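Along the sequence shown, residues carry numbers from 1. Excluded from the calculations below are hydrogen atoms, water molecules and symmetry mates; all remaining heavy atoms, backbone and side chain alike, are included. In this text, all values refer to a predicted model and were calculated from it rather than measured experimentally.
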Amino acid sequence: MGEIFAGLPWWVKWIAVPVIALVVFGGLIASVVGFVIGLLFKVLVFVALVGGLIYVVRKFMSSSSSRSDW
């Protein structure tokens, strides 16, 4: 592979080839990035909901135990 690129100018190696790769694989890259971002968003929502549930349950348990002390 290095022999093929050896005689080519620098702009072909560093500009033309990556642009062609982005054009060919751009949809695949975009779908993978979109999937990863969507997955991270769902994980953050899950963590926030579980944290909120734990907060509400602890708040309810502490307020109900303090009432039973009367």
Closest heavy-atom contact between Val12 and Leu8?
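In this case the closest contact between Val12 and Leu8 is CG1-CD1, 3.8 Å.
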Please determine whether residues [X] and [Y] belong to a single hydrophobic cluster, defined as Ile, Leu, Val, Met, Phe, Trp and Tyr linked transitively by side-chain heavy-atom distances below 4.5 Å.
X	Y	result
Phe46	Ile54	yes
Val19	Val24	no
Val36	Phe41	no
Ile4	Trp14	yes

Compare all side-chain heavy atoms of Val33 with those of Ile37 and state whether any distance is below 4.5 angstrom.
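Yes. Closest side-chain heavy atoms under 4.5 Å.
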So how far is it from Leu39 CG to Leu44 CG, rounded to the nearest 0.5 Å?
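Those atoms lie 10.0 Å apart.
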To the nearest 0.5 Å, how far apart are CG in Leu53 and CZ in Arg58?
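Interatomic distance, Leu53 CG to Arg58 CZ, rounded to 0.5 Å: 11.0 Å.
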